[in-house]
Number of protein chains: 2
Amino acid sequence: MSSIEHSPLARKLSAFAVLSEDELAVLTRLHQRRKTFAAGTDLVHQGQPRQAAYILASGWACSYKIQPEGSRQIVDFQIPGDFLGLRSVLLRTSDHSIEPVVKIEAVEVIASDLLGALADTPRLAAAILWAASRDEAMVVEHLVGLGRRDADARMAHFLLELGARLAFVGLGSKEGYACPLTQYHLADALGLTAVHVNRVLRQLRERELVTFREGYVKFGDIDRLMELADFDPAYLDQTGPLLK
Amino acid sequence: MSSIEHSPLARKLSAFAVLSEDELAVLTRLHQRRKTFAAGTDLVHQGQPRQAAYILASGWACSYKIQPEGSRQIVDFQIPGDFLGLRSVLLRTSDHSIEPVVKIEAVEVIASDLLGALADTPRLAAAILWAASRDEAMVVEHLVGLGRRDADARMAHFLLELGARLAFVGLGSKEGYACPLTQYHLADALGLTAVHVNRVLRQLRERELVTFREGYVKFGDIDRLMELADFDPAYLDQTGPLLK
DNA sequence: CGCGAATTTGATAGCTATCAAAAGGAGTGG
DNA sequence: CCACTCCTTTTGATAGCTATCAAATTCGCG
């Protein structure tokens with residue numbers, strides 16, 4: 001039984017502010033109802049009201065929107081310690097769906113508990129809002145990539161960001177990281193087709209910049225990769241070494 | 001001197017929850033220091049720490065990110081009643097800049113005041129977080145447009161969204177609205193070049209769907225336009241008629 | 001009236017989608 | 001344990017959308 005202060009969320013929030021006993025206790029109270037979801041079974045549903053939020057304990061998920069004509073755009077991926085569906089808690093109808101990429105464990109967070117925690121523990125409130133701001137900053141950087149980067153730079157940037165985020169919660173290093181995504185996931189996230197994703201990955205591999213293979217991302221030349229991607233991690237608001 | 005309950009912000013928040021005297025008083029307290037900014041003089045600066053947030057009282061602004069190589073991507077436009085720079089308040093260094101499109105009036109909001117208001121008035125807190133969630137939903141929809149819509153649909157969707165937002169605060173109707181943007185603004189927002197923006201606008205005008213001219217957007221056939229754009233305004237979380 | 005900004009139009013190049021199809025891999029049932 | 005199927009990865013050929021380069025015209029403003 002792991003204690004709360006070693007949960008991925010507590011670890012992430014600690015980078016913003018050291019949490020007291022009381023604040024950790026509130027976090028624990030939020031961590032009741034742990035549930036398991038199989039890959040592909042949505043836990044938040046676009047267009048439906050009163051959706052709950054979750055904290056992802058293990059596995060990967062993605063938030064996405066489906067267009068009326070059928071295509072889908074992945075907005076972001078979530079890794080352990082991330083919130084799921086926070087934005088849809090206050091909206092009358094959820095604007096997006098969330099789907100586990102692999103089997104996940106997540107704890108449900110009730111809207112009233114969350115608002116209560118915000119009102120009762122100012123420092124924890126600030127830490128949670130910081131995490132939410134950081135998530136939004138990642139969405140914004142993703143938007144910039146779709147608007148202003150070509151396919152190569154977009155892919156490079158994406159793989160670097162995931163590396164930095166994973167390293168931040170102890171799941172990756174500057175060597176690389178385990179990554180359960182398919183090339184279809186990458187395509188849906190990067191606004192490309194799976195066919196083109198495959199060509200881009202081949203090219204990055206042949207240039208010995210990164211290798212995406214068998215569920216693992218391995219960095220070849222991370223400095224040249226960062227240059228190709230114009231990767232400036234300031235928006236992640238992580239202090240200390242970016243990838244270690 | 002207009003009273004607080006008719007400010008664009010109060011009007012917007014009222015769509016989420018009717019605010020009490022006390023809550024309006026807190027809003028008023030946030031509305032001290034009113035400042036004027038000339039078009040083009042940034043009020044939030046990408047890469048700088050401890051940026052303030054503002055509430056836009058009049059005029060239009062835009063939030064954007066500059067890439068290392070120089071290109072810029074506009075993330076969103078802000079109209080009266082919108083927050084400016086909320087996301088950068090808790091981040092150690094702001095991830096974006098904000099620039100007035102025309103001369104604006106804005107009131108500065110101190111981080112501590114804001115967090116205090118969140119702790120003291122739960123209903124107002126929920127309303128403010130609702131507005132922030134709605135802003136984020138707009139960024140997400142913008143991201144979807146960049147990833148999955150072609151230039152025509154992107155433009156159509158953008159013009160429709162602005163119309164719905166402006167109508168929501170009483171600044172537009174289903175006929176059209178005053179719009180101070182240049183074609184360069186549109187290009188920077190939509191991930192296109194100004195040249196292509198011009199071609200797209202011409203085509204939409206020739207098809208008699210919308211006219212963008214002399215600072216005014218005039219809808220020709222709003223139903224066909226919504227169809228072209230696949231415009232589903234659910235993400236705006238506005239009840240009642242969308243454009244009236 | 002003059003000048004810079006914004007709009008407009010044409011020609012060409014380049015990036016990515018689309019269409020097709022083959023090959024490799026994982027899981028299932030016989 | 002093998003045949004079979006579905007999913008994922010891979011590669012080739014062609015089409016289409018949007019960028020880029022160039023330049024003329026109009027507009028706003030001092």
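Letters A, B, ... are given to chains in the order of the sequence lines, protein chains preceding strands, and every chain is numbered from 1.
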Give one of base, sugar-phosphate or nothing for B:Arg213, where a contact means two heavy atoms less than 4.0 Å apart.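 Here B:Arg213 touches the backbone only, sparing every base.
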Heavy atoms only, 4.0 Å cut-off, all strands: where does A:Arg199 land among base, sugar-phosphate and nothing?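 Base contact.
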If the plane angle is over 60° it's perpendicular, under 30° parallel, otherwise tilted; pick one for B:Trp60 and B:Tyr177.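 The arrangement is parallel - the two ring planes meet at less than 30°.
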Classify the ring geometry between A:Tyr235 and A:His157 as parallel (under 30°), tilted (30 to 60°) or perpendicular (over 60°).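 Answer is parallel, since the angle falls under 30°.
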Which nucleotides of nucleotides 22-30 of chain D have their base under 4.0 Å from a protein heavy atom (B), which only their sugar-phosphate (S), and which neither (-), written as one string 5' to 3'? ---------
Separation of [N] [atom2] from [X] [atom1] (nearest whole Å):
| X | N | atom1 | atom2 | value |
| --- | --- | --- | --- | --- |
| A:Leu146 | D:dC17 | CG | P | 20 Å |
| B:Arg148 | C:dT16 | CZ | C1' | 12 Å |
| A:Gln73 | C:dA17 | CD | C1' | 15 Å |
| B:Asp150 | D:dA19 | CG | P | 12 Å |
| A:Gln203 | C:dT16 | CD | C1' | 13 Å |
| B:Arg202 | C:dA6 | CZ | C1' | 16 Å |
| A:Leu201 | D:dT8 | CG | C1' | 13 Å |
| A:His196 | C:dT18 | NE2 | P | 12 Å |

With a 4.0 Å cutoff (strictly under), does any side-chain N or O of A:Asn198 reach OP1 or OP2 of D:dT10?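 The answer is yes; a side-chain N or O of A:Asn198 sits under 4.0 Å from OP1 or OP2.
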Phosphate OP1/OP2 of D:dT9: any A:Arg205 side-chain N/O under 4.0 Å: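 A:Arg205 to D:dT9 OP1/OP2: no side-chain N or O under 4.0 Å.
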Is the closest side-chain donor-acceptor distance between [X] and [Y] under 3.5 Å?
| X | Y | result |
| --- | --- | --- |
| B:His185 | B:Thr182 | yes |
| B:Gln203 | B:Arg199 | no |
| B:Gln67 | A:Asp230 | no |
| A:Ser71 | A:Gln73 | no |

Atom CD of A:Glu214: over 12 foreign heavy atoms under 6.0 Å: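 Not buried by this count: 12 neighbours or fewer within 6.0 Å.
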Run the salt bridge (Lys or Arg N to Asp or Glu O under 4.0 Å) test against A:Asp82 and tell me which residues pass, sequence neighbours left out.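 Per chain and number, A:Asp82 pairs via salt bridge (Lys or Arg N to Asp or Glu O under 4.0 Å) with A:Lys12, A:Arg165.
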Are A:Phe158 and A:Phe212 an aromatic pair by the rule of ring centers under 6.0 Å?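 No: the rings miss the under 6.0 Å criterion.
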Residues of residues 182-194 of chain A with any non-hydrogen atom less than 4.0 angstrom from an atom of DNA chain D: list those, numerically ordered, please.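 The answer is A:Thr182, A:Gln183, A:Tyr184.
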